[in-house]
Amino acid sequence: MNHPLPPKWADRFLKWYCRPDRLEEIQGDAYELFERTAQRQPGLARWQFIWNVIRFFRLKNIRTTSSRQPANSMAMFSNYLLIGLRNAARNGLTSVINVGGLAIGVAGAITIFIFADQWFHVDDFHEHRDRIYEITNVVKREGQPVEMSDTPFPLGPMLQAEASGVEKMTRIEVSSGALRFGENVFQERIWFTDPAFFEIFTFSHVGVPSDALSQPGSIVITRPIAEKYFGAHDPVGKAMSVKFSNSAIREFTVTAVADLPENNTLNFQVILPMETFINLGLQDTYAWDYLTDATFVLLKPGQDIASLIPLLGKYRKLQNDSPADWPIEEFRYYDVPSLAAGSSHIESHMMGSGESQGVITMSVIAFLLLLLACFNYTNISVATVSTRVKEIGIRKVIGGRKSEIVQQFIVENLLMSVFAILAGLFIAYSVFMPGISSMVGYPIPFGFSSGKMMLLFFTALLIFVVVISGVYPAVYVSGFQPAQILKGKEKFGNRSVFSRALLTGQFVLAFMTIVGCFVFIDNSLYMRNRDWGYDHQQNIVVPVNTAAQYLQVRDRMALRKEVDRMAGSVHHIGSSAHRNVLEYADKKFEMLEFAVGQGYLETMNLRLLSGRTFDAAMPSDTVAAVVVNQKFVDAMGWAEPLNQFFQYDGRQRVVVGVVHDFHHDDFYMGIRPALFRLGAEKDFRFLALHVQSDQVKEMESLIRSNWKEIGPDDPYRGILQDDVFANFSRNSRNDMKIIISVAVVTLILACLGLYGLVAYNITRRMREFSVRKVFGANLLHIFRLMNRDYVWILGIAFVLGAPAGFFLMNLLIQAIYPDPQPAGVLPFAAAIGMMMLTVALTVASQMNRITRENPALTLRSE
C-alpha cells in the first residue's frame, strides 16, 4: 500500500515563503496534521495541508531580505565583471572575434536605424505640422485608381473662403525660368505659392518676415541659390530678373533668403508670389480642369479635418462638371506626419520621404546581419566553454547554484555586448555612415530624431543582443552535472543537435542575404545594360527658348560636316512629352504625345517596325499622319495598325508607321503608349543632332561656346542623349554599392564565425588528428574530414535560405521595376560558390596548426 504524501507544490511554496527559523516548526505541524487525517481520508488530508500552507502565509512568517543583500548583489555583480574581463583578456582571439563580429552587426543596425529614423521623421521641424494637411485627389487611369498630388487650382481659395475650420491655405505651382543677376544666368526651378506659405510652413530666413510673398515684386531664394548668384554678399534688397517659359522677362527684389533644414522635403529653390503666375497668363487659372501641383491647408486649433468632407464632395462635382481628362473619384487628405511616414503612393508628391521599399529592405537586411552576428557569438561561446570546464565543475561542487552560473555568464555577455556596441558606434560613425552618404549622394547626419528615440533604440539593441547571443550559452553551461565534468565525460561544444541547428540557421541567414544580393545585382546590371528602344549614342540635344534661337543653332550646325543628321521638335524623348488622354471606341488610356519635325525619328534612331516615317513630299502628313509605338497599337487593340483612322485633338488621324517600344523616363516606369505627329517649326524647343562618333564632345563644346551669341539672356542647357538616364544609372550604381557592401559584410561575419568555430573544433579534436597522423593520414584526408560536417550543413542551409532570399528580393524588385529580368541560375551558383570557398579557406587557414603540431607531444600531454 502506497504511503500518501502531501502535494509537492504546496510543500515547495511553504519552503519558498517561510522564514528559515520558523520553517521546521510550521512544516512539522503541517506534516503531523496531514499524517493524522491521511490514515482515514487521504483526499481531505491533501486539501487540509494546502489550507494550512495558505493559513500560515502571514507577514510574521514570510522570509525577509537582509539589508546586506543589495551590497552583496553589487559585490557579486562586480566580481562577475572582473571575471569577465579576465576571461576576455585570457582568450584574446576569441574575444576579438566575438566583439568584432557583434560590432559589425551592431554597426549595420545603428547605421540603417539612423537612416530609417530620419527617413520616417522628415519635416518634424514645422511648428504646425499636426494641423497642416495636403489635399490630394484620386482618379481612375486605365481602370486603376491613381492618387495624385495635383488638385484643381480654385480648390484652395474656395476651401479658405467656405470652410470655417481652415485658417490659411497655400498652393504650389512648379515651373522654371532663367534667373539673372549681372553676368550670372542659370535655369532654375521656380515655385509659385500663395502668401501664407511661410506662415504655414516653418523655415528660418533672413530678410523680410513671413509676409515676403505678399509683395507682387518679391522673390524668395534659398541659401545655395544666394551663394550661387551673389557669393558672400547679402542678396536681400538686390534685384534679379527672371525669364519665363513664355519669354516674358520680369524683375524682382530679393526679400528673404530661406535656410532649408537637412530633414526638409519641400525642396524649393526660388519662390515667387502666386499672383505673378496668374498675371503671366501661362494657364487658365480660373478653370476647374486645370490642376496645380499641390494644395495645403492649415486648420484652426482644435478643428477636425473631417469637417471638410461635405465641402470636398461639392468641389468634386464642380471639377467633374468641367472638361477634365480624368474625373476625380474622391479627395483625400494627409497631415505632415502621415506624409513623412509614406507618400510614395502619391503621384508627383511634393512632400514626404518618397519610396520606402528600399529603407524597409535595408532595415530587414540590417536585422538579418545583426541576427547573424548574434548566432556567431552563440556558436563560438558554446564551442569555447571547454576552456572553463573545471571552473564550472568546482563552482557547482562547492555549492554554486545554477542561477548564479547563469547570472555570471549573462553578465559576462553583457560586458562583451557593451564593448561590441561601443565598437559598433565607432564603425558606424567612421565607416558605414560616410559610405552610405557617398552612395545616396547627400550627407546623412549622425544623429537620432530625438533623445527619447536614441535611448529606446540602444536599450532595445542591448537587450536584443544580450538575449539572442547570451541566454542559450548561459543556460547550456549551467545545466551540466559537476561529477560528469570532473570525470571528463562532459563534452562542451560537441555535436549537439542545437549547435548544429544554430550553425545551420546562421548559414540560412547568410544564404538568404547573399542570394538576395546577387539577385538584385544581376537585375541591376541587366537594367543598366538594357536596350532603351533606340540608339542613343552620338546624339546631342540643345533645348532652345525661342524660334529665333532654334534657327540660329540649326543654321550654324548645318554648315558642320561632323553633323550627320539633325531635326527639331516641340517635345523630346527623355526630356519632355505631352501627357494626354485618348478615347477610342470603348477604350480610354493615357499616352505620350511628341510633336516633332521632319527627320526627327531618323535622327533619334527610332526603329521602324512597319510602315514609314514622315515624308516631306506628302503635305497630308502635316495634318493627319501619326507614327505610334507598339504599346499604342496594343492599347488600341489593332491587329493591323497601318492606315487605321481615329479622332485625336479635334482631327482625324491616320497611322502611317509603327516604331519599336522605347523608354521615355527611366526603367522605374513602364513603357507607355506614344504618338508622334508633325509640329510647327515656330514652336520647336529642341534641336537634336546626330554627329560622327569621334566628334561628340568637340561638337558639344562648340555649341556651348557659341551659345552666348545665340542666347545671351538664357543659360546653355544642352545635353548628350547618353545622359538622359544619368540619374537612373547613378541610383542603380549606388544601390549596387550598398548591396555589394551588405554581401561583403555577410561574408566577413560568416568568416569570423567559422574561424572561431573551426579553431576550437581543431583544439577539441587535436588528439584524434594526432592519432590519425601517427597511422599515416595525410593533410588532405584530415582536411576532407574537417569539411564533411560543414558540407552537409551548407547543403541544408542552401536549400532553405536560397529560395527564401530569392523570393524576398524578387518581391522588392517587382515593386521597384515594372518588368524586371527573370532571375536565372547565376545568383544561386555565385552564392553557393562563394560560401563553399569561404568555408574551405576558413578551414584551410587553421590547417597549418595541424601541420605544425607534433603528434608525440600532443598524445604525451593528453
Side-chain angles (χ1 to χ4, degrees), residues 134 149-151 153 156 169-201 203 205-208 210-230 235-260 264-285 290-296 348-351 543-546 549 575-576 685 711 713-717 719 727:
E134 180 182 9
S149 173
D150 309 72
T151 45
F153 195 86
M169 76 85 200
T170 185
R171 296 160 293 180
I172 298 175
E173 180 69 30
V174 181
S175 184
S176 64
L179 266 69
R180 171 183 286 277
F181 177 76
E183 295 299 317
N184 295 324
V185 54
F186 301 97
Q187 192 77 13
E188 307 291 359
R189 188 175 73 252
I190 297 174
W191 284 17
F192 297 95
T193 70
D194 291 286
F197 180 84
F198 285 108
E199 298 174 39
I200 295 175
F201 299 105
F203 292 100
H205 51 269
V206 177
V208 177
S210 56
D211 62 348
L213 295 172
S214 300
Q215 307 170 32
S218 65
I219 182 172
V220 177
I221 60 178
T222 58
R223 185 70 58 187
I225 295 294
E227 294 172 355
K228 182 177 180 180
Y229 286 86
F230 300 95
V236 176
K238 302 287 196 310
M240 302 184 74
S241 65
V242 182
K243 184 178 181 180
F244 297 98
S245 57
N246 62 353
S247 298
I249 300 177
R250 300 284 189 275
E251 191 169 278
F252 300 90
T253 302
V254 178
T255 54
V257 177
D259 291 308
L260 304 185
N264 167 62
T265 62
L266 283 171
N267 293 309
F268 57 88
Q269 296 175 326
V270 177
I271 294 185
L272 294 173
M274 186 63 75
E275 183 181 346
T276 302
F277 176 75
I278 296 173
N279 293 337
L280 285 170
L282 299 175
Q283 298 288 343
D284 183 4
T285 53
Y290 177 68
L291 304 180
T292 193
D293 292 287
T295 300
F296 290 90
S348 304
H349 61 90
M350 301 293 294
M351 194 177 194
V544 297
N545 297 287
T546 63
Q549 289 179 357
S575 295
S576 71
R685 292 297 177 264
D713 294 328
D714 299 301
Y716 175 71
R717 296 179 289 130
I719 59 170
N727 286 337

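Model, not experiment: these values are computed from the prediction. Sequence positions, counted from 1, serve as the residue numbers for this chain.
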Going by heavy atoms in the side chains, are Pro273 and Pro195 under 4.5 Å from each other? no
Would you say that Thr255 contacts Val220 through its side chain, given a criterion of any heavy-atom pair below 4.5 Å between the two side chains? yes
Is there a donor-acceptor contact under 3.5 Å from the side chain of Thr292 to the main chain of Ile172? yes
Looking only at heavy atoms, which two atoms of Glu134 and Ala294 are closest? And how far apart? OE2-CB, 3.8 Å
To the nearest 0.5 Å, atom CG of Asp714 lies from atom CG of Asn545 at 4.0 Å
Output yes when a side-chain donor or acceptor of Gln269 lies under 3.5 Å from a complementary backbone atom of Arg189, and no otherwise. yes
Closest contact, heavy atoms only, Met169 versus Ala196: O-CB, 3.6 Å
Pairwise side-chain contact, Phe268 with Thr193, heavy-atom cut-off 4.5 Å (strictly under): no
Partner residues of Asn184 under the side-chain hydrogen bond (donor to acceptor under 3.5 Å, both in side chains) criterion, sequence neighbours left out: none
Report the distance from atom CD of Glu275 to atom CD of Gln215, rounding to the nearest 0.5 Å. 11.5 Å
Work out which heavy atom in Ser241 is nearest to a heavy atom in Ile249; give both atom names and the distance. CB-CG2, 4.4 Å
Close side-chain approach of Phe153 to Ile278, heavy-atom, < 4.5 Å: yes
What closest approach, in Å, do Val257 and Pro235 show between heavy atoms, and which atom pair accounts for it? CG2-CG, 3.4 Å
Close side-chain approach of Leu272 to Phe277, heavy-atom, < 4.5 Å: no
Let me confirm one number: the CD1-CZ distance from Ile271 to Phe192, rounded to the nearest 0.5 Å. 11.0 Å
Grab the two heavy atoms, one from Thr276 and one from Phe244, that are nearest each other, plus how far apart they are. CG2-CZ, 4.4 Å
Distance-only, no hydrogens or angles: does the Asp150 side chain make a donor-acceptor pair with backbone N or O of Leu291 under 3.5 Å? no
Can you tell me how far CZ of Arg171 sits from CG of Asp293, rounded to the nearest 0.5 angstrom? 12.0 Å
Check: Lys243 and Arg180 side chains under 4.5 Å, non-hydrogen atoms: no
Are the side chains of Met350 and Val174 in contact, using a 4.5 Å heavy-atom criterion? yes
Rounded to the nearest 0.5 Å, the OG1 atom of Thr170 sits from the CE atom of Met274 at a distance of 6.5 Å
ring-ring contact (aromatic ring centres under 6.0 Å, His included) filter on Phe230, not counting sequence neighbours, yields Phe181
Just so I know, are the side chains of Tyr229 and Lys238 near enough to count as touching, which here means a heavy-atom distance under 4.5 Å? no
Roughly how far, to the nearest 0.5 Å, is CD1 of Ile221 from CZ of Phe252? 13.0 Å
